[in-house]
Trainee: 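Let me begin by handing over the structure; questions about it come next.
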Amino acid sequence: ASCKFTAIHDPDSSIITAARYLNDSLLACQTPNATAWFVDDETSVDAVIEIALNDQQYTRMNALVFTFFVDATIIRAEQSSTDNNLVINGGEPITVYGKKLRKETDLKCVHRTQSKVCQQTKCTQGIYVGALYLRSEKMYCGAPSFPGQAPSQSGLVGADKSVLLL
């Protein structure tokens, strides 16, 4: 079995990937690398998915649409304050500057301590906080307290903390 992803904005451009049978009524499609489909500053591209059980005759399943997103790039994250008390662990929101940040419903940031286990497994454990989208280059994240850690006096989120966009 195989899956065919066809870019809606370019019907002549398709990518075929393997499908795996999960049970009698369910297939799992491997998602392709659709980087070539992105034009200019697009942050998402829609594609129609077609399925072929024999790898030849593709059938559109009620126009199932899959959306590919460009990964956002974080340039820097900083916390400013009107006084000189810059506190990462609680307090003023953290301003995140980047490229191709997306406006999503229920946008969140996750704050986590850097650990070798998380770097190796790409874990998603951490403290999730609400985020406010401003534009594709700027958003605000809440600044939670990390249990058992003293507040940081640095205005940058960096060496021992990271900000991830979900």
Trainee: For the residue pair Lys99 and Ile75, establish whether any side-chain heavy-atom pair is separated by less than 4.5 Å.
Mentor: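 Yes - at least one pair of side-chain heavy atoms lies under 4.5 Å apart.
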Trainee: Enter the distance from Cys109:SG to Ile74:CD1 here, rounded to the nearest 0.5 Å.
Mentor: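 Going from the SG atom of Cys109 to the CD1 atom of Ile74 covers 7.5 Å.
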Trainee: For Phe68, enumerate each residue passing the ring pair (Phe, Tyr, Trp, His ring centres under 6.0 Å) test, keeping only those at least two apart in sequence or located in another chain.
Mentor: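 Here the qualifying residues are Phe5, Trp37, Phe66.
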Trainee: Can you measure from CG (Leu134) to OG1 (Thr95) and round to the nearest 0.5 angstrom?
Mentor: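 Rounded to the nearest 0.5 Å, the CG-OG1 separation comes to 8.0 Å.
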Trainee: Go through the side-chain N and O atoms of Ser25 and Asn23 and say whether any donor and acceptor fall under 3.5 Å apart.
Mentor: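 Ser25 vs Asn23: donor-acceptor pair found between side chains.
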Trainee: Look at the side-chain heavy atoms of Ile, Leu, Val, Met, Phe, Trp and Tyr, link any pair under 4.5 Å apart, and say whether Val45 and Leu64 land in one connected group.
Mentor: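 Result: yes, single cluster for both.
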Trainee: Using the six-membered ring of Tyr97, assess whether NZ or CZ of Lys138 lies under 6.0 Å from its centre and within 45 degrees of the ring axis.
Mentor: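 No.
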Trainee: How many angstroms lie between CD1 in Ile49 and NZ in Lys4, if you round to the nearest 0.5 Å?
Mentor: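 Between Ile49 CD1 and Lys4 NZ, I get 12.5 Å after rounding to 0.5 Å.
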Trainee: What distance do Asp71 atom CG and Thr73 atom OG1 have between them, rounded to the nearest 0.5 Å?
Mentor: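 Between Asp71 CG and Thr73 OG1, I get 7.5 Å after rounding to 0.5 Å.
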Trainee: What heavy-atom pair brings Pro93 and Tyr140 nearest, and what distance separates the two atoms?
Mentor: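 So the minimum-distance heavy-atom pair works out to CB-CB, 4.4 Å.
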Trainee: Quick check for you: to the nearest 0.5 Å, what is the distance between Ser2 atom OG and Gln30 atom CD?
Mentor: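 Rounded to the nearest 0.5 Å, the OG-CD separation comes out at 11.5 Å.
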Trainee: Given Ile94 and Val129, is the side chain to side chain contact (heavy atoms under 4.5 Å, CB included) satisfied, shown in steps?
Mentor: CA-CA 11 Å; Ile94 295 170; Val129 295; over 6 Å; no
Trainee: Return the set of residues passing side-chain hydrogen bond (donor to acceptor under 3.5 Å, both in side chains) with Asn33 (not counting sequence neighbours), or none when no residue passes.
Mentor: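 For Asn33 the side-chain hydrogen bond (donor to acceptor under 3.5 Å, both in side chains) partners, ignoring immediate neighbours, are Thr35.
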Trainee: Please name the pair of heavy atoms, one in Cys3 and one in Tyr58, separated by the smallest distance, quoted to 0.1 Å.
Mentor: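 The pair with the smallest heavy-atom distance is C-CE2, 4.1 Å.
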Trainee: Honestly, is Arg102 close enough over Tyr133, meaning NZ or CZ under 6.0 Å from the six-membered ring centre and within 45° of the axis?
Mentor: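 So Arg102 doesn't make the cation-pi contact.
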Trainee: At their closest point, which heavy atom of Ile8 faces which heavy atom of Val48, and how far apart are they?
Mentor: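 Taking Ile8 first and Val48 second, the nearest heavy atoms are CG1-CG2, 3.8 Å.
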Trainee: Could you grab the distance from atom CG of Leu132 to atom NZ of Lys103, nearest 0.5 Å is fine?
Mentor: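 So the CG of Leu132 and the NZ of Lys103 are separated by 9.0 Å.
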Trainee: Just to verify, what does Ser14 make a side-chain hydrogen bond (donor to acceptor under 3.5 Å, both in side chains) with, not counting sequence neighbours?
Mentor: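 Only Thr6 meet the side-chain hydrogen bond (donor to acceptor under 3.5 Å, both in side chains) criterion with Ser14.
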Trainee: Does the side chain of Met139 come within less than 4.5 Å of Leu107's, by heavy atoms?
Mentor: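 Yes, at least one pair of side-chain atoms sits under 4.5 Å.
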Trainee: Mind listing the closest non-hydrogen atom pair of Val70 and Lys100 along with its distance?
Mentor: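 Shortest heavy-atom separation between Val70 and Lys100 comes out as CG1-CD, 3.5 Å.
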Trainee: Restricting to non-hydrogen atoms, name the atom on Ala34 and the atom on Ile15 that form the minimum distance, rounded to 0.1 Å.
Mentor: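 Heavy atoms of Ala34 and Ile15 come nearest at CA-CD1, 4.4 Å.
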Trainee: Given side chains that start at C-beta, do those of Leu27 and Ile51 come closer than 4.5 Å, heavy atoms only?
Mentor: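 In short, these two side chains touch, coming nearer than 4.5 Å.
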